[in-house]
Amino acid sequence: MDDVTAILDHMNPAQREAVSAPQGNMLVLAGAGSGKTRVLVHRIAWLMQAEGLSPYALLAVTFTNKAAREMRTRLEALLGISLRNVWVGTFHSIAHRLLRTHWQDARLPQHFQIIDSDDQLRLVKRLLKDHRVDDERFPPRQVQSFISGCKEEGLRPHQVDAHGDAYMAQMVELYERYQLTCERGGLVDFGELLLRSLELLRDNPALLAHYRERFGHVLVDEFQDTNTLQYAWLKLLSGMSTPMTVVGDDDQSIYGWRGARIENIRRFEQEFPGTKTVRLEQNYRSTSAILDAANALISHNSERMGKELWTAGDRGEPISVYAGFNDLDEARFIVDTLREKVDEGVNRREMAILYRSNAQSRVLEETLIRQGVPYRIYGGQRFYERLEIKNALAYLRLLLNRDDDASLERVINVPARGIGTRTVEVLRTRARQTEVSLWQALHDALLDASLKGRAATAVRAFSELIERLDNDTAGLALHEIIDHVITTSGLIEHHRSEKGEKGQARVENLEELVTAAKAFTQGESFEPPEAGEGGAALEAFLSEAALNAGDHEADEFEDCVQLMTLHSAKGLEFPVVFIAGVEEGLFPHKMSMEEPGRLEEERRLCYVGLTRAMRKLYLTHAELRRLHGKETFQRPSRFLRELPEEYLEEVRLRGQISRPVTASRPGPRQESVDGGADLPSLSLGQRVSHPVFGEGVILNAEGEGERARVQVSFEGEGDKWLVLGFAKLTPL
DNA sequence: ACGAAGATAGTTTTT
DNA sequence: CTATCTTCGT
């Protein structure tokens with residue numbers, strides 16, 4: 001590319017402004033479908049070609065591996081050069097890289113291992129047992145999230161103030177003990193990667209100076225999702241002097257519950273001097289009906305940074321709203337519509353069904369199966385999170401580090417080799433009392449004969465197995481090591497003998513692990529300091545497995561309808577989108593309805609959902625739904641009422657179209673349900689009296705004349721549908 | 001040491 | 001309802 005201005009070809013004015021701004025802090029408020037990634041990639045290209053930034057002076061940070069991969073690929077394609085070893089990666093992979101390189105300064109063992117949230121939870125559970133902490137009062141998950149939460153806030157145990165509260169004090173103590181366990185085992189969790197690398201830079205001025213010098217420009221994607229720690233990390237690294245380009249959308253901040261701080265993007269302009277803000281508001285994805293509806297919805301939120309999506313394209317079809325009698329009817333409508341679309345020539349992969357919570361997928365799946373529509377669920381368990389894979393990884397980790405208690409416990413009796421809970425308990429007690437690792441305790445116990453008989457034999461056999469695996473695999477290639485380990489440890493055989501298809505699948509997964517290792521050795525992008533022989537490759541592979549647990553996607557080939565939660569839909573787009581279960585209590589979820597802040601996050605989630613649709617959007621809800629085993633009357637979501645009716649059309653059975661959903665709209669523009677001359681005239685939200693059920697409020701209505709039905713919420717009696725022609729309702 | 005029966009809880013999940 | 005965990009029995 002000779003002429004740098006070619007980078008700006010085919011860009012709209014806002015995009016150009018963002019891409020070609022001179023170096024300096026910049027905030028790009030990138031609306032959904034506004035070409036965000038393109039701007040990011042072209043911005044980098046511009047910095048290099050117009051500003052002379054070296055690829056090695058670049059630091060580009062994302063949240064997901066997928067995003068990092070995409071950015072790297074697109075950048076390579078645009079620049080026509082390889083960007084291996086260039087600092088493009090997730091927060092965690094970059095922190096990891098820093099820690100591997102400077103493990104001594106970070107006060108970490110050279111071969112520290114990364115544990116994922118699952119390992120972390122196991123560790124916490126173990127801790128609670130060991131210290132006889134009541135796990136009713138301190139549920140492992142809560143303890144885990146407390147620990148992660150502290151780390152995300154950048155707090156070490158001694159920095160957490162319990163305010164004399166016994167409960168908090170206990171939590172802090174658990175955090176401290178957890179940290180000790182990790183230190184002893186050379187284990188680093190996700191939060192620790194970031195916190196430790198922050199401390200590494202903070203406490204080593206020379207190192208910090210080196211990196212500040214090195215990075216000429218820092219770019220951050222999805223800035224609205226950064227947590228306190230990540231924000232502090234960026235601030236430290238940039239030193240407020242290295243220019244930063246951050247890209248994000250406050251309206252798409254949906255991970256507050258995971259520690260993301262929407263304030264980070266809101267205050268960026270004030271905290272970083274001379275920040276130039278560019279808004280990308282032109283949308284290239286959706287019809288204007290969809291965009292206008294989404295704009296209207298999100299305008300109900302407060303403290304927005306302000307942004308309105310628009311398109312040069314057509315208004316398109318209205319948004320269809322379907323009210324099912326129950327969840328089955330809702331599913332039936334969706335699947336029928338899906339099939340009609342397929343008949344019209346739409347590919348199944350172009351259609352997605354989104355829902356708030358995973359439990360909702362069940363009814364949808366059943367209906368899809370019954371009607372023979374291929375589908376794929378996006379999400380669920382990932383490759384490196386599978387039990388059999390984690391077992392194999394645990395063996396591998398023991399090869400590198402015998403003191404990894406978590407891994408040792410995981411596989412000491414998998415496959416079963418006669419080491420029961422009794423024996424493990426003895427080892428644990430000993431390890432705790434003498435403050436050594438389980439592996440050490442195990443050998444001590446064998447030496448002083450406190451383990452005897454069958455237990456001793458079994459434990460010795462295990463110890464010898466690990467040593468033998470280590471010896472036998474010395475000098476082998478990575479995939480050979482893994483192959484040898486899963487065979488010799490008996491893992492393959494263990495799963496082969498499992499009954500059902502499950503065992504078969506597990507064996508296949510283990511074999512897949514060997515294949516993955518082979519691929520990893522070939523395509524490795526990050527070279528650790530002393531890469532080359534098997535051990536270093538194994539270490540890199542294990543880290544990779546923890547940091548990049550594998551994709552959710554599978555079979556690109558089969559043409560499947562996509563099912564996923566609204567959260568996992570972020571960043572994706574589909575020509576046809578269904579959002580199911582748009583009901584109060586479900587979406588917004590009842591757990592998030594009380595606090596205004598959380599309700600706004602639900603609304604942003606809805607905004608994300610709406611803006612996934614390119615051409616056609618369906619919103620469905622059910623009046624009656626099975627929830628937790630019992631039938632519940634559901635009211636349409638408030639979000640439906642927040643969409644302007646001019647963009648909506650209510651769909652009745654078999655595609656018949658009736659009036660807009662004004663039926664559920666309280667307020668000044670009430671539609672009345674006129675039952676006819678001799679029937680009472682009623683409106684929604686109105687109080688009525690019934691001879692049997694007493695007093696209630698009208699929630700919903702449908703139909704006309706004699707057959708019109710209204711849903712009334714009676715005090716003490718619950719919600720009921722009543723036919724106006726029969727029920728004796730008196731307006732109050 | 002494994003399996004069956006009972007108890008329990010039940011949003012969302014980038015790393 | 002149903003997935004998951006715990007406890008108890010063999």
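Below, read A as the first sequence line, B as the second, and so on, with proteins coming before strands; counting in each chain starts at 1.
Only the P atoms considered, B:dT13 is 15 Å distant from C:dT4, to the nearest whole Å. Separating the P atom of B:dT12 from that of C:dC5 is a span of 15 Å, rounded to the nearest Å.
Separating the CZ atom of A:Arg382 from the P atom of B:dT14 is a distance of 5 Å, rounded to the nearest angstrom. Atom-to-atom, CG of A:Asp118 to P of B:dT14 comes out at 13 Å; the value is rounded to the nearest Å. Counting to the nearest Å, the C1' atom of B:dT12 and the CG atom of A:Leu566 are 9 Å from each other. At whole-Å resolution of the value, CG in A:Asn358 and P in B:dT12 are 4 Å apart. In this structure, A:Leu599 atom CG and B:dT11 atom P are separated by 17 Å, rounded to whole Å. Taking atom CD on A:Gln120 and atom P on B:dT15, their separation rounds to 15 Å, with Å as the unit. The interatomic distance linking A:Glu222 (CD) with B:dT14 (P) rounds to 13 Å, in whole Å. Between A:Tyr255 atom OH and B:dT12 atom P the separation is 11 Å, expressed in whole Å.
Using a cutoff of 4.0 Å between basic side-chain nitrogens and carboxylate oxygens, A:Glu153 and A:Arg261 are scored as salt-bridged.
Side-chain atoms of A:Arg100 and A:Ser543 include a donor-acceptor pair closer than 3.5 Å. Of the N and O atoms on the side chains of A:Gln144 and A:Gln142, not one donor lies less than 3.5 Å from an acceptor on the other residue. Side-chain contact annotation: A:Thr90 with A:Ser93, donor-acceptor N/O pair under 3.5 Å present. Side-chain contact annotation: A:Asn509 with A:Glu388, donor-acceptor N/O pair under 3.5 Å present.
A cation-pi arrangement is present between A:Arg97 and A:Trp87 under the rule of less than 6.0 angstrom and at most 45 degrees off the ring axis.
Counting only residues at least two apart or in different chains, side-chain hydrogen bond (donor to acceptor under 3.5 Å, both in side chains) contacts with residues 413-423 of chain A comprise A:Tyr395-A:Arg417.
Closest approach to the A:Leu547 side chain among B:dT11, B:dT15, B:dC2 is made by B:dT15 (side chain taken as heavy atoms from C-beta onward). You'll find that the side chain of A:Arg598 is closest to B:dT12, out of B:dT12, B:dT15, B:dG10. Comparing B:dT13, B:dT15, B:dC2 by their closest approach to the side chain of A:Ala416 singles out B:dC2. Checking B:dA1, B:dT14, B:dT12 against every side-chain atom of A:Asn413, the shortest atom distance belongs to B:dA1. Side-chain proximity of A:Arg626 to the nucleotides B:dT15, C:dC1, B:dT12 is greatest for C:dC1. Out of B:dT15, B:dT13, B:dT12, the shortest distance to the side chain of A:His92 is found at B:dT15.
In this structure, A:His567 and A:Glu136 both approach DNA chain B, and ranking their closest nucleotides by distance from the 5' end singles out A:Glu136. Both A:Thr421 and A:Ala546 lie near DNA chain B, and the one whose nearest nucleotide falls closer to the 5' end is A:Thr421.
Under the stacking definition used here (centres under 5.5 Å, planes under 30°), the residue A:His589 qualifies as stacked on the base of B:dT11. The aromatic ring of A:Trp257 sits over the base of B:dT12, with ring centres less than 5.5 Å apart and planes inclined by under 30°.
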Show your reasoning for whether salt bridge (charged side-chain N to carboxylate O under 4.0 Å, His left out) applies to A:Glu573 and A:Arg285.
CA-CA 8 Å; A:Glu573 61 178 26; A:Arg285 177 186 293 158; 2.7 Å; yes
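Tested against A:Asp404 for a side chain to side chain donor-acceptor pair (under 3.5 Å), the candidates A:Arg397, A:Gln113, A:His111 yield a single pass: A:Arg397. For the pairing with A:Glu583, the salt bridge (charged side-chain N to carboxylate O under 4.0 Å, His left out) check across A:Arg635, A:Arg625, A:Lys590 returns one residue only, A:Arg625.
Considering only side-chain N and O atoms, A:Thr62 lies nowhere under 4.0 angstrom from the phosphate OP1 or OP2 of B:dT14.
Near DNA chain B, meaning a heavy atom under 4.0 Å from it, residues 144-153 of chain A has no residue at all.
Base engagement by A:Ser117 is indicated by at least one non-hydrogen atom pair under 4.0 Å involving a base atom. At the heavy-atom level, A:Gly418 lies under 4.0 Å from the strands shown only through sugar-phosphate atoms. No contact: A:Ser93 has no heavy atom under 4.0 Å from any strand. A:Asp116 comes within 4.0 angstrom of nothing in the nucleic acid, heavy atoms only.
Applying the 3.5 Å distance criterion, the base of B:dT15 shares a donor-acceptor pair with the side chain of A:Arg258.
Note on ring orientation: taking the six-membered ring where Trp is involved, the planes of A:His567 and A:Tyr255 are tilted (angle from 30° to 60°).
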Under a 4.0 Å heavy-atom criterion, the protein footprint on nucleotides 2-10 of chain C, written with B, S and -, is SS-------
